[in-house]
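The structure appears below as structure tokens.
Throughout, residue positions are numbered sequentially from 1 according to the sequence presented.
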Amino acid sequence: MKTSKCNLSVACLIALVAIILALPGHLPGQTGAAKSSGGNGTSATRWSVQVDQVDTGNLDLAYSFKIAIYENLVEELKKTKQFHQVFRDGDLKASEVPKLLVLKTTVEKYKAGSETQRAVTTVSGVTKLTVRSQLLTREGKVVLERTVNGDVRFFGSNLRATHNLARNIAKTLKESPWPDSPEPTALLSAQP
């Protein structure tokens, strides 16, 4: 009995080490290069993106929500592998990239929800966020503009709405076409 527990522990340890070695060495704060094509399906569109800090405007939004939106957005954009590189606001390396877009996110609406009410009933306690996301060139020309929502309706903390919002923004950007040239040819605007 003791030998089988020891063998099981050794096997688990070996499996854990194998998984760690198989994963790419990517720390959460690093910017990563993606290998896939752009949102419109062409390999020529190899944009990089710099994610600006979230603008809360005059809304009374907790600082934790602002940071959570930003951090989740950076991670979700990396997961899409749509952009050549994803830069954080203030990253000096971004100035060296030839095809750089800037993502600006402005919170337009926020409805605080209640985790307790969501746990008790399925019809109340919803946390909702609505933001305007804009992709701009370095010169400030709008390439793409969308209004995106994120919410948490059933289970999960209120901050879960920020994750859902970031996922929806990344999905919207991935599904939206934009021009191959650095100069935008038209403003694409809609609410998905």
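Here the CG-NZ distance, from L77 to K171, works out to 14.5 Å after rounding to the nearest 0.5 Å. Of the inter-residue distances, the one linking K78 atom NZ with F83 atom CZ reads 13.5 Å to the nearest 0.5 angstrom. Taking CG of N149 as the start and CD of E108 as the end, the distance is 9.5 Å to the nearest 0.5 Å. Here Q134 contributes atom CD and T147 contributes atom OG1; the two are 9.5 Å apart, rounded to the nearest 0.5 Å.
Residues forming a ring pair (Phe, Tyr, Trp, His ring centres under 6.0 Å) with Y70 (at least two apart in sequence, or on another chain): none. Applying the salt bridge (Lys or Arg N to Asp or Glu O under 4.0 Å) criterion to K109, with sequence neighbours excluded, gives no partner residue.
For E75 and R167, the salt-bridge test fails: no basic side-chain N is under 4.0 Å from an acidic carboxylate O.
For the pair V51 and F87, the minimum side-chain heavy-atom distance is 4.5 Å or more. The side-chain heavy atoms of K99 and R46, taken from C-beta on, include no pair separated by under 4.5 Å. Side-chain contact check for S133 versus L103: some heavy-atom pair is nearer than 4.5 Å.
A side chain to side chain contact (heavy atoms under 4.5 Å, CB included) with N72 holds for exactly one of T162, I169, L165; it is T162.
Looking at N164, its side chain does come within 3.5 Å of a backbone N or O of D151 through a donor-acceptor pair. A donor-acceptor pair under 3.5 Å is absent between the side-chain atoms of S176 and the main chain of L173, judged by distance alone. At distances below 3.5 Å, not a single donor-acceptor pair connects side-chain atoms of K141 with backbone N or O atoms of L136.
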Could you give the side-chain donor-acceptor pairs of residues 56-67 under 3.5 Å, partners two or more places apart or in another chain?
none

task: Could you go through the salt bridge (Lys or Arg N to Asp or Glu O under 4.0 Å) check for R88 and E71 one step at a time?
output: CA-CA 9 Å; R88 293 175 172 274; E71 292 298 329; 3.0 Å; yes
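Residues L73 and A166 come closest through the heavy atom pair N-CB, 3.5 Å. For G90 against Q50, the heavy-atom pair with the smallest separation is N-NE2, 3.9 Å.
If you check the side chains of H163 and E76, you find a donor sitting under 3.5 Å from an acceptor.
Note on V143: it does not cluster hydrophobically with V102, by side-chain heavy-atom contacts below 4.5 Å among ILVMFWY residues.
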